[in-house]
Amino acid sequence: MALGSSLFATVLLAIAVAASPVRIDKPLVSLPLVRRTNSTGLANLLANDQARARYLKDRTQSKLEGRTGSADATNTATQYVVSVGVGSPATQYSLLFDTGSSNTWVGAAKPYAKTSTSNDTGHRVSVTYGSATISGEEYTDTVTLGDGLTITQQSIGVFDGYGFGGLDGILGVGPVGLTERTLSDSDDTIPTVMDNLFSEGIIDTEVLAVSFAPATSDNDTNGELTFGGTNSSKYTGSINYVPITSTSPANEFWGIDESISYGSSPIMNSTAGIVDTGTTLILIASDAFDAYKNATGGTADESTGLLRISSSQFSSLQTLNFNIGGTTYGLTPNAQIWPRSLNSAIGGSAGDIYLVVNDIGSVSGEGLDFINGYAFLERFYSVFDTTNSQVGFATTSYTNATSN
Ligand SMILES: *[C@@H]1O[C@H](CO)[C@@H](O)[C@H](O)[C@H]1NC(C)=O
Ligand SMILES: *[C@@H]1O[C@H](CO)[C@@H](O)[C@H](O)[C@H]1NC(C)=O
Ligand SMILES: *[C@@H]1O[C@H](CO)[C@@H](O)[C@H](O)[C@H]1NC(C)=O
Ligand SMILES: *[C@@H]1O[C@H](CO)[C@@H](O)[C@H](O)[C@H]1NC(C)=O
Ligand SMILES: *[C@@H]1O[C@H](CO)[C@@H](O)[C@H](O)[C@H]1NC(C)=O
Ligand SMILES: *[C@@H]1O[C@H](CO)[C@@H](O)[C@H](O)[C@H]1NC(C)=O
Ligand SMILES: *[C@@H]1O[C@H](CO)[C@@H](O)[C@H](O)[C@H]1NC(C)=O
């Protein structure tokens, strides 16, 4: 008996030992992200970002109200767009890349092309973004990301109508909790593209890494999404991680705690907020924004809604320091200004200087006191790690670039 169980244990041990060396790390797959700027003129940059902030803070309430309207999730002056294949053979769709929502949508500009893998689940799906609600039919289908990643039976929403600023839909890579109650007849969550990549064994760890870079022209292919790991060629130094904040409602998103100083003067004590690729600017609580406005000497510009500073105020601008988990991420003066080559896209004047830090529209202490949008993410590599419930940042070759 004793011999039998020891033999059994030995066999198990042998299997365990034999099993570990055969584990092969799956190759990483990356997709290019194209930055599109709508230079036909979009005077509502700030208003759109603030509307999104209000919605994110108040998501449950908005859902109850069931607001409807035109889809303004894409109504930003800049968007990061990724090409995703759906069906077999796959049709490529240009999708808005969004860490602040978690449903995947197609069919808004280019009609959804059904193939033998397309399966109408018979469910309706509906998601509120900002002041608009998108509704459609829920399908499952094969989704292909780049050359290497093929997900079977990914849930996708197919737009009821057309028109979405020329885009085909959304790739929502926020936490799965944000999909709760988006199906009309069920309270269940819907596994995201990231969840399925992991559960179908296509990636080893549920990690998404994002490399953005400051814009230099209208349409730049200057970003990269990496699934299942990070790309060390895209950042400098090391990645520092912080846990998802425990503060609600920021903890429903990619929420973190941070404090902000302008030079050495504190302007925002440590508080919770989010990292969001659906927001263009950096929005901070009204009290922190007032302190920033005072410190920079900026004045509210009527045509853009942004703070405008003179060239001499720009020369004396201090670094804006974001303290996240004990690491300081410095936003240089150049990183605090809107790209001057794109002033006309937001209704500004070519020769003026506008600041990308603005007011979230409510005072601190409400559980979602800042949003680090593109203006932040174009200067720091970011890592969204579902497996370990953490967010990471690293410096890049663009951190101190003077491209703006
Ligand atoms: C990592 O980034 C480098 C430099 O941009 C690129 O050449 C390479 O293909 C990327 N690797 C992966 C796995 O995406
Ligand atoms: C189609 O969807 C239904 C409902 O979700 C599911 O039961 C069925 O297995 C799916 N069929 C295929 C071929 O994916
Ligand atoms: C650019 O913005 C204008 C005004 O908001 C809008 O009508 C147009 O559809 C947008 N174009 C693209 C390509 O997003
Ligand atoms: C940028 O991309 C949009 C959408 O594809 C297109 O309408 C626009 O003409 C492009 N602009 C430039 C300068 O290529
Ligand atoms: C930070 O908190 C301290 C203590 O409550 C307070 O005195 C100080 O004014 C706060 N600073 C900012 C920038 O809000
Ligand atoms: C801004 O400056 C004014 C005038 O110096 C001062 O009264 C006010 O307290 C300052 N506000 C903040 C938030 O620093
Ligand atoms: C950016 O510049 C600051 C100030 O000169 C310096 O301390 C920091 O190391 C630089 N960061 C990077 C990533 O180059």
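Whatever order the structure lists ligands and atoms in, that order sets their numbers, starting from 1. These numbers were taken from a predicted model, which means no experiment stands behind them. These numbers come from the heavy atoms of this one structure, side chains and all, not from hydrogens, waters or symmetry mates.
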Next on the checklist: Run the side chain to side chain donor-acceptor pair (under 3.5 Å) test on Lys110 and Thr91 for me, step by step, so that the C-alpha distance in whole Å, both residues' side-chain angles and the decisive distance to 0.1 Å come before the verdict.
Outcome noted: CA-CA 9 Å; Lys110 189 186 287 181; Thr91 299; over 6 Å; no
Any chance the side chains of [X] and [Y] put a donor and an acceptor closer than 3.5 Å?
{"X": "Asn321", "Y": "Thr328", "value": "no"}
{"X": "Thr395", "Y": "Thr236", "value": "yes"}
{"X": "Tyr381", "Y": "Thr230", "value": "no"}
{"X": "Ser270", "Y": "Ser259", "value": "no"}
{"X": "Gln336", "Y": "Tyr292", "value": "yes"}

Checklist entry - Should one rank Leu225, Thr230, Val29, Asn231 by closest heavy-atom distance to atom 12 (C) of ligand 1, which comes out on top? => result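 When every heavy atom of Leu225, Thr230, Val29, Asn231 is considered, Asn231 comes closest to atom 12 (C) of ligand 1.
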Checklist entry - When you look for heavy atoms under 4.0 Å from ligand 5, do you find them on the side chain of Ile267, its backbone, both, or neither? => result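 Looking at Ile267 and ligand 5, just backbone atoms fall under 4.0 Å.
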Checklist entry - Is atom 7 (O) of ligand 7 close to the protein, meaning a heavy atom under 4.0 Å from it? => result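 Neighbour list for atom 7 (O) of ligand 7 is empty of protein heavy atoms (cut-off 4.0 Å).
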Checklist entry - How about atom 2 (O) of ligand 1: does it have a protein heavy atom within less than 4.0 Å? => result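 Yes, there is one.
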Just need the protein heavy atom nearest to [atom], so name the residue and atom and give the distance.
{"atom": "atom 14 (O) of ligand 5", "value": "Asn269 ND2, 3.6 Å"}
{"atom": "atom 10 (C) of ligand 7", "value": "Asn400 ND2, 2.5 Å"}
{"atom": "atom 4 (C) of ligand 1", "value": "Ser233 CB, 3.8 Å"}

Checklist entry - What are the atoms of ligand 7, with element, lying closer than 4.0 Å to any heavy atom of Thr395? => result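 Listed by number with element, the hits are 13 (C).
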Item to check | Under 4.0 Å to a heavy atom of Lys234 - the qualifying atoms of ligand 1, by number | outcome: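 Answer, ordered by atom number: 2 (O), 5 (O).
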Checklist entry - Does the distance from a Lys or Arg side-chain N to an Asp or Glu carboxylate O, for Arg124 and Glu138, drop under 4.0 Å? => result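 No.
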